[in-house]
Amino acid sequence: MSITIDPATLTDLRQRMTGELILPGDAEYDSARAPWNLAVQQHPSAVAFPADVDDIRHILAAAADAGLGVTVQPNGHGAADDLDGIILIRPRAFDEVSIDVDGRRARVGAGVNWGRVLTGLDGTGLIALAGSNPEVNAVAYTLGGGQSLFGRAFGLASESLTAVELIDAGGRLHRVTDESDADLMWALRGGGGLFGVVTAIEFTLHPADRLFGGSLMFPIDAAAAVFRAATEASALDDGLGAEVGLMRFPDLPMMPPPLRGQTLASVNFVHLGDEASAAPVVEVLRAAATPVADTLTEFTIGQLAAVANEPTDPMPTLDWGGSIASLDDDTVDALVSAFLSGVDLGLSRVGVRVLGGRIAEPTDALLGGVSAEGVASAGAMVFDPSTADRAASALQPLRDFAETHRGAGMIPTFLGYGSTLADAFGPEAIDRLRAVKDRVDPGGVVRSNRPLG
């Protein structure tokens, strides 16, 4: 049911703002409302591009007065709702990137993607716990947990979070730290954008002078051997970041001949060190089978995105994510079978990050101690609404697989379409998150792509 809004509310808001407010009917509305995931059709009451903190205050006040919600969506990678009755904020003006090399600390604005941060770290000998895609927003990723290829060495990105600047539903600007508000800081380390409009975050950087890694691709019939090699290599190297992928490449002229139309298994990995120190890991991985493609090389932190080489342009997908209790042979066989069952219906890829290391260590944090051995994500293309059911069918074998192989704990950044935070956290954590939400936003003005559930 569509929410009725007094047009004067949004007209008045537009006049008060220094930045842009785009309304339904404006020429820019369709491009402004579109998320990165083009399969999600969202129709917010307005799309705001605030220029400063005062603009955000005006937006929150107008939303509260009109009975609307406010959602922040820098890019829309995790878009999951139609946004009826919502003012959608795009924080692109908050574009600060500041790197304190001596203090090993970064400050990043809410409109900044990881690519800019990583480029700024080149030559510093420091790394950030970034995602594998340079077009993913750094703030949204970190607030959602953030499992990078450096996670086994240094933990989840949210654990490195040291300060959050946000505007609460009442328009008050806060600098949140463990000292100023321990409960809110606990919630922000994985609870996402439920607790206010975040304008900037600060996080710890980690030392790493040399990096080595890339991708090895193998025939799909070697998939089980590739999984075994990835887990064996991870046992050899406590800091190794590894992801095993199963993928069907399109039969298109733009694809290179070794990949075109093929169904392959791959392992992408990052080793903290040079090529010589990575030799034991590489030997194990290359022994899985004869690679059909090999991109292993030394690289800098600014080149991290080349390891996974993920798509950076918006695309229409239906996605799924789940944790995996074990990566033993029986589980891997079941996963490969589920993938192959969905391929002919449009399933294009399944990626499984190997967990363990620092991620599994018990802590008091919201995301402390994820004991699952792996976390998976998958996507099926939705070229137009008529193919949505086919895409859902392509993912169903993976959902069935997850019912019997689900692990303890989940990282919100891996949750798929339609998920809530209750799919990642247990009842006790959800109750505590709800208590924080009720304290900082009793009217429920600030919404999130991942509601509490």
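All heavy atoms count here, side chains included; hydrogens, waters and symmetry mates do not.
For the pair Leu340 and Leu347, the minimum side-chain heavy-atom distance is 4.5 Å or more. Counting only heavy atoms from C-beta outward, the side chains of Gln147 and Glu243 never approach each other to under 4.5 Å. You'll find the side chain of Arg248 reaches within 4.5 Å of the side chain of Asp344, heavy atoms only. Proximity of Asp52 to Asp55: side-chain heavy atoms (C-beta onward) are separated by under 4.5 Å at one or more points. For the pair Leu129 and Thr142, the minimum side-chain heavy-atom distance is 4.5 Å or more. Counting heavy atoms from C-beta outward, Arg107 and Phe203 have side chains that stay 4.5 Å or more apart.
The backbone N or O of Met247 lies less than 3.5 Å from no partner atom in the side chain of Arg349, so there is not a single donor-acceptor pair. With Asn75 contributing its side chain and His77 its backbone, the two residues share no donor-acceptor pair below 3.5 Å. Under a 3.5 Å cut-off, the side chain of Arg90 and the backbone N or O of Ala32 do form a donor-acceptor pair. No donor-acceptor pair closer than 3.5 Å links the side chain of Ser323 to the backbone N or O of Ile411. Checked by atom type and distance alone, the side chain of Glu135 never pairs as donor or acceptor with a backbone atom of Thr312 at under 3.5 Å. The main-chain N or O of Asp333 is never found under 3.5 Å from a side-chain atom of Ser337 such that the two would form a donor-acceptor pair. A distance-only check finds a donor-acceptor pair linking the side chain of Arg152 to the backbone of Asp237 [under 3.5 Å].
Separating the CG atom in Leu156 from the CG atom in Leu161 is a distance of 12.0 Å, to the nearest 0.5 Å. Atom CZ of Arg16 is separated from atom CG of Leu13 by 8.5 Å, given to the nearest 0.5 angstrom. Remark: Thr119 OG1 to Asn113 CG distance equals 11.0 Å, nearest 0.5 Å. Atom CZ of residue Arg447 and atom CG of residue Asp441 lie 8.5 Å apart, to the nearest 0.5 angstrom. Separation of atoms CG (Leu355) and CZ (Arg358) is listed at 14.0 Å; rounding is to 0.5 Å. Interatomic distance, CG of Leu366 versus CG of Leu433, reported as 5.5 Å (0.5 Å rounding).
When every heavy atom of Leu367 is checked against every heavy atom of Gly145, the shortest pair comes out as CD1-CA, 3.4 Å. Across every non-hydrogen atom of Ala63 and Val445, the tightest pair is CB-CG1, 4.2 Å. Here the closest heavy-atom approach between residue Ala187 and residue Val436 is recorded as CB-CG1, 4.1 Å. When all heavy atoms of Ser266 and Val226 are compared, the closest pair comes out as O-CG1, 3.8 Å. The two residues Ser341 and Pro397 come nearest to each other via the heavy atoms CB-CG, 3.9 Å. Minimum heavy-atom separation, Ala408 to Val370: O-CG1, 3.9 Å.
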Going through the distances and angles, do Ser160 and His206 end up as a side-chain contact (heavy atoms from CB on, under 4.5 Å)? CA-CA 9 Å; Ser160 290; His206 302 274; 2.9 Å; yes
Determine, step by step, whether Phe150 and Leu272 satisfy the side-chain contact (heavy atoms from CB on, under 4.5 Å) criterion, reporting the C-alpha distance in whole Å, the side-chain angles of both residues, the deciding distance to 0.1 Å, and the verdict. CA-CA 8 Å; Phe150 304 118; Leu272 298 170; 3.8 Å; yes
Let me see the working for Arg105 and Thr204 under side-chain contact (heavy atoms from CB on, under 4.5 Å), right down to the final yes or no. CA-CA 5 Å; Arg105 190 69 51 86; Thr204 301; 4.0 Å; yes
I would like to know whether Thr387 and Met381 meet side-chain contact (heavy atoms from CB on, under 4.5 Å); could you show each step before the answer? CA-CA 8 Å; Thr387 64; Met381 300 297 292; over 6 Å; no
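Enclosure of atom CZ in Arg57 by more than 12 non-hydrogen atoms of other residues, nucleotides or ligands within 6.0 angstrom is indicated. By the 6.0 Å contact criterion, CG on Asp389 is open, its count of non-hydrogen atoms from other residues, nucleotides or ligands being 12 or less.
The aromatic rings of Trp114 and Tyr141 stand perpendicular to each other, their planes meeting at an angle above 60°, with 30° marking the opposite boundary.
Among residues two or more places apart in sequence or in another chain, the ring-ring contact (aromatic ring centres under 6.0 Å, His included) test is passed with Phe339 by none. Residues passing the side-chain contact (heavy atoms from CB on, under 4.5 Å) test with His174, sequence neighbours excluded: Leu166, Asp168, Arg172, Val176.
There is a side-chain donor-acceptor pair under 3.5 Å between Ser132 and Glu310.
For the pair Asp183 and Arg432, the salt-bridge criterion is met [side-chain N within less than 4.0 Å of a carboxylate O]. Between Arg406 and Asp423 there is no salt bridge, since no side-chain nitrogen of the basic residue lies less than 4.0 Å from a carboxylate oxygen of the acidic one.
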